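Below is one structure, written out as structure tokens, with a few remarks after it.
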Amino acid sequence: MQTMKAKPKVVVIGAGIIGVTSAINLQKKGYQVTMLDKEGVAAGASTGNCGLMAVSEIVPISKPGVLSQVPGWLMDPEGPVTVRAKHALTMMPWFMRFLRAGKAHNVLDIAQGLTQLSNKAAEAYAPLLHESGIEDILKPHEVIYLFDDRKEIKEDQFSWDLRHACGFKTEFLEGDQVRELEPEVSKSIDSGMLMKGWDYFSDPQKLTQSLANTFSQNGGVIRLAQVRDFIKRDGEIMAVVLDNDEKLEAENFVIACGAWSRTLAEQLGDYIPVEAMAGYNTTIIEPNVSLKHPLLHHNGGFVITPMEMGLRVGGTLELGGLNSEPNYQRVRAITRKAKNILPGLEVVEKTEWVGYRPMMPDTLPVIDHSPRFNNLVYACGHGQLGITYGAITGELVADLVFKGSSDKVNMSPYRATRF
């Protein structure tokens, strides 16, 4: 009698949106998948993000002119971007790579690398949402960039030109046109830009947890556990050692634990320079205003998104490391600014949150095999675009494990050895 061959095993470390979509796509390829996370499904940035499918945010954070902004980042602890002084020296090697990535000739290459992922982002999500029965969580309302003064558009003309050169469309809105779409917006807003092709998820946590539930129902295993060490032999990882000393063996491994991926990579001797970039938000339970479109305040660097659980005001970038104490004054500052944009906004019952985005110096993620271990794949460093690129990254990871490469996109921009 013919016996059934056991399915090859894969361990995915990380249960945020990248880990979950990777696990699902590996499962589809016939693997027996175990997903590990030290805190649980969607415990980090996959819970508290602003839900945007930001397909045309292909302009890297480091770009021409960024160096002149650095003194302001150090001086203003409540600004859209800030660097904590104590962390500035520690992250200097990362920061020098960040500045080099912002040279004009590099920025175009980076934008093209991000565009590849953006162009496949929505179609990659479609089957996952359908299988989990949550298609209605993706709302077809485009984001409106808001400008206090239309000169802000011209001041950042490089970014708008780059988006258009990469094939993304926008629609300029006079202030009254903004208010026709969103009557709650203050008359102090001079103009806006409708970001064509964007959507948003009305509950990012529900998105990730629902996909994880589908993974479990199809035979996947999710475990609350922390990886302490690795057992290695002859250029391969044989097992992970958990914090309870248990050894979990598999044929392949995936590290997709966001800002914590760097720590595991260092244990393995790989250099993956992911920096933890804190983002803050407030979710207001009964805001007394009604929106359809997410709003992105250009000058303030924050987003206002209508969610199932209330109105989420969040964003900003803070470089301070994984072990820094949260500075909730940042989120209170953007909440005050949000009240200027939405005069009717009431903040009575609210929840505050901080999470860490995994940021590479060039804004491009790492989706690649380990340089040292041929059965290990990294999927990390997605920065603010983790939810946007979640589904397509999961497909690419499954391809890398299954056949060693992917023909869906040019994988070169996401290589692990580029720094």
Side-chain angles (χ1 to χ4, degrees), residues 17-18 45-46 48-66 69 80-81 98 101-102 106-125 138-147 152-153 155-172 192-201 204 258 277 279 281 293-305 312 314-317 355 357-365 367 380-393 409 413-414:
I17 189 64
I18 304 297
S46 293
N49 67 75
C50 289
L52 304 184
M53 277 279 283
V55 292
S56 65
E57 281 300 88
I58 49 81
V59 182
I61 296 173
S62 183
K63 57 188 177 182
V66 75
Q69 301 175 46
V81 183
F98 172 82
N106 292 328
V107 168
L108 180 57
D109 289 341
I110 292 166
Q112 290 171 340
L114 294 172
T115 297
Q116 286 191 123
L117 300 178
S118 287
N119 287 341
K120 294 184 177 294
E123 67 175 287
Y125 265 114
L138 185 61
K139 303 299 182 184
H141 297 292
E142 295 161 324
V143 170
I144 305 173
Y145 261 78
L146 301 179
F147 304 100
E152 295 168 12
I153 302 172
E155 289 169 352
D156 197 23
Q157 195 64 47
F158 176 88
S159 298
W160 297 106
D161 289 345
L162 187 55
R163 291 185 182 99
H164 296 155
C166 289
F168 298 102
K169 296 180 180 179
T170 57
E171 180 184 344
F172 176 77
M193 197 75 79
L194 193 64
M195 308 302 289
K196 309 300 288 186
W198 289 37
D199 298 300
Y200 78 96
F201 292 105
M277 190 170 283
N281 74 49
H293 302 76
L295 306 175
L296 201 161
H297 188 229
H298 178 79
N299 190 41
F302 62 89
V303 181
I304 306 171
T305 308
R312 180 162 291 171
T316 77
L317 303 173
R357 308 180 187 96
M359 183 64 66
M360 292 291 287
D362 59 0
T363 310
L364 285 162
I367 312 169
C380 56
H382 292 72
Q384 297 169 283
L385 297 168
I387 198 167
T388 304
Y389 297 151
I392 182 57
T393 297
V409 298
Y414 325 115

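Predicted, not measured: the structure shown is a model, and the values here were computed from it.
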Query raised in the report: With under 30° as parallel and over 60° as perpendicular, where do the rings of Phe147 and Trp160 fit, or are they tilted in between?
Result: perpendicular
Report task. Could you check Asp156 against His298 for side-chain contact (heavy atoms from CB on, under 4.5 Å), going step by step and ending with a plain yes or no? Result -> CA-CA 10 Å; Asp156 197 23; His298 178 79; 3.7 Å; yes
**Report entry** Between Tyr414 and Tyr389, ring centroids under 6.0 Å
**Finding:** no
Nearest 0.5 Å please: distance from the [atom1] atom of [X] over to the [atom2] atom of [Y].
{"X": "Ile110", "Y": "Leu364", "atom1": "CD1", "atom2": "CG", "answer": "5.5 Å"}
{"X": "Ile144", "Y": "Ile304", "atom1": "CD1", "atom2": "CD1", "answer": "11.0 Å"}
{"X": "Leu117", "Y": "Leu385", "atom1": "CG", "atom2": "CG", "answer": "9.0 Å"}
{"X": "Tyr125", "Y": "Ile387", "atom1": "OH", "atom2": "CD1", "answer": "5.5 Å"}
{"X": "Phe98", "Y": "Asp362", "atom1": "CZ", "atom2": "CG", "answer": "10.5 Å"}
{"X": "Leu296", "Y": "Leu52", "atom1": "CG", "atom2": "CG", "answer": "7.0 Å"}

[Y] side chain reached by [X] side chain, heavy atoms, under 4.5 Å:
{"X": "Phe201", "Y": "Asn49", "value": "no"}
{"X": "Glu171", "Y": "Glu142", "value": "no"}
{"X": "Lys63", "Y": "Leu162", "value": "no"}
{"X": "Pro365", "Y": "Leu114", "value": "yes"}
{"X": "Gln69", "Y": "Val81", "value": "no"}

Looking at [X] and [Y], what are the two nearest heavy atoms and their distance?
{"X": "Lys120", "Y": "Glu123", "answer": "O-CG, 3.4 Å"}
{"X": "Val107", "Y": "Ala101", "answer": "CG2-O, 3.6 Å"}
{"X": "Asp199", "Y": "Pro140", "answer": "OD1-CA, 3.4 Å"}
{"X": "Thr388", "Y": "Ala121", "answer": "O-CB, 3.4 Å"}
{"X": "Pro358", "Y": "Gly258", "answer": "CB-C, 3.4 Å"}
{"X": "Ser118", "Y": "Val55", "answer": "OG-O, 2.6 Å"}

Query raised in the report: Are the side chain of Arg163 and the backbone of Ser56 linked by a donor-acceptor contact shorter than 3.5 Å?
Result: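 Flag set: sc Arg163 to bb Ser56 pair under 3.5 Å.
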Query raised in the report: Ignoring hydrogens and geometry, is there a side-chain-to-backbone donor-acceptor pair from Thr305 to Cys50 under 3.5 Å?
Result: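 Indeed, once roles are kept as given, a pair shorter than 3.5 Å links the two residues.
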Report task. Tell me, with the steps shown, if Glu152 and Tyr145 meet side-chain hydrogen bond (donor to acceptor under 3.5 Å, both in side chains). Result -> CA-CA 11 Å; Glu152 295 168 12; Tyr145 261 78; over 6 Å; no
Report task. Among Glu57, His141, His293, Met53, find the one that has a side chain to side chain contact (heavy atoms under 4.5 Å, CB included) with Trp198. Result -> Glu57
Report task. Would you please test Phe302 and Leu295 for side-chain contact (heavy atoms from CB on, under 4.5 Å) and show each step? Result -> CA-CA 8 Å; Phe302 62 89; Leu295 306 175; over 6 Å; no
